[in-house]
Each structure stands twice: as C-alpha cells, then as structure tokens.
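Step one of this worksheet: look at the structure below.
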There are 2 protein chains.
Amino acid sequence: MNTEPSRRDSILAAAAEYFAEQGYHSAGMRGIADSVGIKGASLYNHFGSKEEILYAIALKMTRVPVEENLLVLDETGTPTERLTALIDVHLRHLAVNRVEHLVSLRELSALTEEHRDRVVEYRKYYQRRVRDVIAAGIRAEEFGVDDPMRAAVAILDLMNGVSWWLRDDYDIDSLVSTYVDYIVDGILRRRVGVRGGADEVIR
Amino acid sequence: MNTEPSRRDSILAAAAEYFAEQGYHSAGMRGIADSVGIKGASLYNHFGSKEEILYAIALKMTRVPVEENLLVLDETGTPTERLTALIDVHLRHLAVNRVEHLVSLRELSALTEEHRDRVVEYRKYYQRRVRDVIAAGIRAEEFGVDDPMRAAVAILDLMNGVSWWLRDDYDIDSLVSTYVDYIVDGILRRRVGVRGGADEVIR
DNA sequence: GTCTATAGTTTGATAGAC
DNA sequence: GTCTATCAAACTATAGAC
C-alpha cells in the first residue's frame with residue numbers, strides 16, 4: 001500500500017491552506033504551485049481550473065460528512081445517543097480537516113452556480129438529518145424544544161463556528177465533551193425522566 | 001436635519017452588499033462605483049483605497065457593538081438579566097446590519113495587518129465582556145458552566161452564525177426569544193432557585 | 001467631485017518543447 | 001507531467017481636464 005500523498009492531494013492540501021490564509025480570490029495559482037514545489041502551469045495537468053480546486057475541497061468537506069458522519073444516526077439507540085454520536089464525529093472530522101472546513105464554509109460564493117448548488121444540496125441534506133433526529137428526540141420526550149429545524153441550524157452554527165478559532169494543540173476530547181453538554185443537555189434541554197418535563201425544569 | 005445618506009455612506013452600503021455577494025477580492029471598484037452611480041475613479045475622492053472601504057465596514061461592525069451593545073452590561077440587574085439584554089441588542093444590531101456583519105466576519109484576512117489588529121482588538125474586548133458577565137453569573141450561582149471563556153466563544157459563534165442565513169423577512173422577535181432560551185436557559189443552564197442546583201437538573 | 005484616459009501589475013489560463 | 005514563454009483580461013490606483 002502506497003502511503004505517499006498523490007500530487008493531486010498535495011495540491012488540494014496546499015490550496016486549502018492558501019485559501020484559508022488569504023482568501024480564494026486573493027490566492028494565486030503561482031502561490032499554490034510554489035507551495036507544492038512546481039510551476040503554476042503544471043497545476044493544469046491536475047485540475048481544469050482554479051475553481052475546480054476549490055470545488056474539490058468544498059465537495060470533500062460536504063459529501064464526506066454526509067456519507068460518513070451520518071452513519072451514526074442509523075445505528076440503534078435513543079435520539080439522545082445518536083445525536084451525541086453525531087456531535088462527536090462531526091467535531092472530530094472538523095478538527096482533522098480544519099482549514100478545508102473553513103474554506104468550504106467561507107468561500108461558497110466563489111463556486112460556479114452549478115458547483116455551489118451541489119455543495120449546498122449536501123449541506124441541506126445534512127441539516128435535515130440533524131433536524132430529523134431532533135424531531136425524534138422531541139417525540140420521545142427527550143428534548144424540550146419547539147422547532148427542530150431552528151434548533152438544527154443553531155447547533156450546526158455552534159459546531160461549525162469552531163473552525164474559525166480552533167488551534168492544532170486544542171484538546172479535542174474536552175471540546176467534544178463540552179459541546180455535547182452545551183447541545184444535548186443545554187440547547188435541547190434533555191429531559192430528566194422521573195423528575196418531570198422541561199416545563200418544570202426551566203423557568 | 002439632513003436625512004440624505006452621504007455619498008460616503010452610499011459607497012459603504014453598496015460595497016458591503018457587493019463584498020457579501022462576491023467576496024472582497026472578487027468585487028471590483030468599478031462594480032461598487034456602478035452601484036452608486038459614479039465611475040470607479042471617483043471612489044478615490046472618498047476613500048484612499050479599496051481596503052479602506054473594507055476597513056470602514058469592519059470597524060463600524062466591531063466598534064459600534066463595543067460602544068453601544070455593551071452598555072447594557074453596565075446597567076443594574078442580575079447577570080442573567082444583563083446577558084439577556086446583551087443577546088437582545090446583539091441580535092438586533094446584527095439583523096439590521098446583516099451584510100456588513102457577514103463581510104466583517106468573513107473578510108477579516110483581507111485587511112492590512114494594522115487594520116486587522118484593530119478590529120480583532122475590539123472583538124476580543126467584546127468577547128471578554130461576555131465572558132465576565134458569564135463569570136459573574138457563575139459566582140451568583142445563576143449559571144452552571146465551568147469555563148466562562150469557552151462558553152462566551154460558543155455563545156458568540158451561535159449568535160454570529162445567524163448572519164450567514166438570516167433573511168429580511170425573518171421574525172426577529174421570535175429569533176431573539178429563541179436564542180435567549182438556547183443560551184441562558186440552555187447552554188448556561190440557568191439555575192432554578194428553590195428547585196436545587198444545576199447538578200440536580202442535569203444528568 | 002466627477003470625469004476620461006491610462007499606467008503598471010497581476011491574474012488565470014494556454015501553447016508547445018522536452 | 002513539468003517546464004518556459006506568453007497572452008488577453010482584469011485589477012487598483014493615478015493624472016489631469018472640467
């Protein structure tokens with residue numbers, strides 16, 4: 001098995017770093033090529049255009065979470081357990097791919113309309129799946145919120161905000177545990193069983 | 001009193017719209033000028049450079065909140081009351097200046113180092129003030145979180161995330177009320193007085 | 001304060017040798 | 001697949017007439 005990163009992957013990694021630091025439109029093909037150790041023109045042997053590089057990054061950061069993170073929602077368990085598992089994998093995936101995540105959030109408007117639509121579709125699907133597990137939690141009387149979609153948007157904003165400030169030396173286990181707490185026991189106000197419903201707990 | 005917007009203000013509004021839509025580096029001086037109804041060269045009678053336009057937008061969206069929003073933290077009241085008031089004014093300010101807010105969040109890296117430092121300083125100060133009122137709430141046994149700074153960052157990510165998706169016809173009163181709930185009764189797990197502490201309520 | 005005209009760079013992308 | 005050389009276009013910013 002070959003562990004060498006392909007040239008294509010090297011380009012994507014260098015471009016993501018560059019786009020994150022300077023912004024997509026400010027970063028030039030020559031700069032990206034420099035980081036990889038080749039000349040600007042050689043990039044076009046691997047990608048048809050600069051926008052296709054951005055699209056590859058954005059697609060990876062939206063399709064992979066849909067295909068991998070969402071699997072934990074299909075396993076057996078209560079809505080609380082399944083959502084907790086999703087928060088865990090979501091934040092860990094974000095932490096491992098922090099710059100790519102930041103770029104795909106921030107540079108969405110730089111994509112062609114067709115590519116942007118594809119990316120947005122994945123994001124909306126992810127959002128709906130989060131909404132659905134929240135709705136299931138409400139029906140199971142585990143969660144105490146009114147509007148599952150609004151809660152899903154808030155929760156995703158909260159988690160994705162991490163990509164703006166996360167540092168490499170940050171303790172991810174601690175981050176995950178805190179954010180599970182903020183979301184499941186906090187925003188969604190997980191009910192406590194015998195102690196009564198959320199209405200008694202709050203206000 | 002003159003209610004006409006100055007040419008300078010018209011430029012800022014048009015530029016913010018343009019930057020929000022296309023991104024700072026992609027938006028050209030000609031396009032901004034077109035929106036205002038003048039030629040590109042005329043912009044330089046009002047701003048020394050394109051970057052100064054961005055700086056004016058970013059500065060307005062960081063200095064004004066510090067000078068105005070934070071006033072509510074100095075009024076009398078419990079930490080819960082003061083933080084609730086801050087969430088209210090923060091979200092309303094964000095809603096009124098949505099595109100400027102989005103631009104100043106997203107295009108921070110396009111500022112010169114000196115300008116970026118100034119903007120970041122305001123943001124950090126704002127963050128510290130939020131942290132402080134959370135810390136006061138913990139001491140008063142109103143809030144049940146461990147790390148006030150981490151909670152402050154999360155709360156600001158949650159609120160600022162709104163600028164990515166808010167639409168003009170959104171019901172702001174409802175938004176404020178939901179987010180106060182998410183934050184004060186949710187993330188910070190406001191204690192309930194006689195019913196016992198957060199330890200009893202959660203888990 | 002706005003205009004026309006343009007300087008001076010830099011950009012994304014292509015052609016063709018090797 | 002990488003290189004050198006280069007094109008055409010777009011950019012920010014300036015000069016100078018009005």
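Each chain gets a letter, A, B and so on, in the order the sequences are listed, and its residues count up from 1. In what follows, every heavy atom counts, from backbone to side chain, and hydrogens, waters and symmetry copies are set aside.
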Self-check item: Student check: side-chain heavy atoms of Glu51(A) and Tyr24(A) closer than 4.5 Å
Solution: yes
Quiz item: For Arg129(A), which residues count as a side chain to side chain donor-acceptor pair (under 3.5 Å) partner, sequence neighbours excluded?
Solution: Asp74(A), Tyr125(A)
Quiz item: Tell me: CD1 of Ile38(B) to C1' of dT4(C), nearest whole Å?
Solution: 15 Å
Quiz item: Below 4.0 angstrom, N of the basic side chain to O of the carboxylate: do Asp34(A) and Lys39(A) qualify?
Solution: no
Quiz prompt | Residue-level proximity of residues 18-28 of chain B to DNA chain D when a heavy atom falls under 4.0 Å | solution = Ala27(B), Gly28(B)
Self-check item: Atom pair distance, as rounded to whole Å: CD1 in Ile32(A) and P in dG12(C)
Solution: 8 Å
Quiz item: Rounding to a whole Å, what distance do you find between Leu43(B):CG and dC11(D):P?
Solution: 13 Å
Contacts under 3.5 Å, N or O only, protein and nucleotides 13-15 of chain C:
{"residue": "dA13(C)", "atom": "OP2", "partner": "Tyr44(A)", "partner atom": "OH", "Å": "2.8"}
{"residue": "dA13(C)", "atom": "OP2", "partner": "Lys50(A)", "partner atom": "N", "Å": "2.8"}
{"residue": "dA13(C)", "atom": "O5'", "partner": "Tyr44(A)", "partner atom": "OH", "Å": "3.4"}

Quiz item: Which salt bridge (charged side-chain N to carboxylate O under 4.0 Å, His left out) pairs, counting each pair once, include a residue from residues 77-89 of chain A, with sequence neighbours left out?
Solution: Asp88(A)-Arg92(A)
Quiz item: Considering residues at least two apart in sequence or located in another chain, which fulfil the side chain to side chain donor-acceptor pair (under 3.5 Å) criterion with His46(A)?
Solution: none
Self-check item: Residues Arg190(B) and Thr84(B): side-chain donor-acceptor under 3.5 angstrom
Solution: no
Self-check item: Nearest-angstrom distance from the residue atom CD1 of Ile11(A) to C1' of dG1(D)
Solution: 11 Å
Quiz item: Is any side-chain N or O of Ser42(B) closer than 4.0 Å to OP1 or OP2 of dG1(C)?
Solution: no
Quiz item: Considering residues at least two apart in sequence or located in another chain, which fulfil the side chain to side chain contact (heavy atoms under 4.5 Å, CB included) criterion with Arg8(A)?
Solution: Ser6(A), Phe47(A), Ala56(A)
Quiz item: When the aromatic ring centroids of Phe19(A) and His25(A) are compared, is their separation below 6.0 Å?
Solution: no
